[in-house]
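Structure first, commentary second.
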There are 2 protein chains.
Amino acid sequence: MYIECMRATTHDSDARERLIKAAQALLWERGFMGTSPAAIQQMAEVGQGSMYHHFKSKEGLALAAIERSANERWGDYETLFAAESTAYGRIAAYLHAERDVLRGCRIGRLTQDPDIMGNEALRAPVDALFARLKARLAEAIAQGQAQGEVNAALDPLSIAEMVVAVVQGGYVIAKAANDTQPFARAMAGVLSLLGTQMKRAP
Amino acid sequence: MYIECMRATTHDSDARERLIKAAQALLWERGFMGTSPAAIQQMAEVGQGSMYHHFKSKEGLALAAIERSANERWGDYETLFAAESTAYGRIAAYLHAERDVLRGCRIGRLTQDPDIMGNEALRAPVDALFARLKARLAEAIAQGQAQGEVNAALDPLSIAEMVVAVVQGGYVIAKAANDTQPFARAMAGVLSLLGTQMKRAP
DNA sequence: GTCTATAACGGGATAGAC
DNA sequence: GTCTATCCCGTTATAGAC
């Protein structure tokens, strides 16, 4: 539904797009507090006036960038889950997804930014992404239980929360050690436990 | 080995102590980037000149505060582990330790601060704390295996990394939701899995 | 040890010209 | 839409008096 002729006026607000992409990158790397409007403008190759034309404030731009990142992540997960049919397969796919471990999670990172957590508008997309992800994982587990693939004694939501937590915490211990191995071992650890409670094959 | 008369000169550099405590609190709440020297001075009720007399820079004070926090945390864990005798007991004690979940981990938090991770001196105590904690947990698990309490097929270090990660990630999902329940469920999730692989009683 | 003054710079935004 | 100028305040010190 993307109609090219609707934006035929000039080279267009391609600047808006570059600003969002730059803000995404800087929010990932340095967080909200650590990212100045000037730094975003520089990375986006967009002037001061231009940025404040497209966005009311640093906060407004951050909101657009966060929503964009959350949507992109959700797309990734949907793709991941669609390619698998069992609960174990879906969880394993999530745990082994390609990641830039030492850079951390683009969304989970925001959780440590008081200016973001203290702002309902900015926290909302972060909260929503984790909520959807956990619900999706819990659903896969419950479905696995209905089909007798997964130990029925497990609580789907608790396992889902644990799976998401182990990934988020994996980033933390990897960064602390400045080494991706702790992350890899944590993933191996959960999977070794989950493997005792779930069938691997469909 | 604390000799009171060694500091009998005046009311002494009680200011130094207050600065460290204030820096610990602010580093916890706002991180390194989010904490200005002025804010620390105000919380510590210590003047500008005084702070720069006791510490060379913001970084110097932060180092002292981080080392202090890491040592305090390690003391907590030693106490926790000393009170338990089984691998399951020790892990459960760690997972259920009293925590201010929505405030997050005083040490894990620092992991998201590029200025801290990019500074070897500041990262060192963070790295060291997690390394010791993981080693201690892995040791407890290996010991449990030697005594036949724990499934010998598990890799102690992977399980230890996973246990630490789930706590660190638990903070993340709790903050995102602005609710302690996700943390509690994640802990319940790991414990329900670990309970299938370890004996609870000594 | 602690105080006040000062400085050089960056952050976050507004104003109005083009 | 984008540019430049301008503003005010906060950050991170340093200097020297008390």
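These values consider heavy atoms only, across backbone and side chains, with no hydrogens, waters or symmetry-generated copies. Chain letters run A, B, ... following the sequence lines, proteins first, then strands; residues in each count from 1.
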Please check this pair: side chain of B:Trp74 against backbone of B:Leu133, looking for a donor-acceptor N/O pair closer than 3.5 Å.
no
Please give, in whole Å, the distance from D:dT11 P to B:Leu61 CG?
15 Å
Less than 4.0 Å between a side-chain N and a carboxylate O, is that true for B:Arg90 and B:Glu139?
no
Measure the distance from CZ on B:Arg30 to C1' on D:dT11 and round it to the nearest whole Å.
13 Å
Rounded to the nearest Å, what distance is computed from the CD atom of residue B:Glu17 to the C1' atom of nucleotide C:dG1?
16 Å
B/S/- contact track for nucleotides 7-14 of chain C, protein heavy atom under 4.0 Å:
----SSBB
Residue-phosphate contact under 4.0 Å: B:His53 side-chain N/O, C:dC3 OP1/OP2
no
Are the side chain of B:Lys199 and the backbone of B:Thr86 linked by a donor-acceptor contact shorter than 3.5 Å?
no
Rounded to the nearest Å, what distance is computed from the CD1 atom of residue B:Ile40 to the C1' atom of nucleotide C:dT2?
18 Å
Check the distance between C:dT2's C1' and B:His54's NE2 and give it to me in whole angstrom.
8 Å
Is it the case that the side chain of A:Gln145 and the backbone of A:Asn151 share a donor-acceptor pair, with hydrogens and angles ignored and the cut-off at 3.5 Å?
yes
Whole angstrom is fine here: how far is it from CD in A:Glu45 over to C1' in D:dG1?
17 Å
Rounded interatomic separation in angstrom, taking CD from B:Gln41 and P from D:dG10
14 Å
So B:Tyr94 and B:Phe81, would you call those rings parallel, tilted or perpendicular, with 30° and 60° as cut-offs?
tilted
Donor-acceptor pair, B:Ser158 side chain versus A:Ala188 backbone, under 3.5 Å?
no
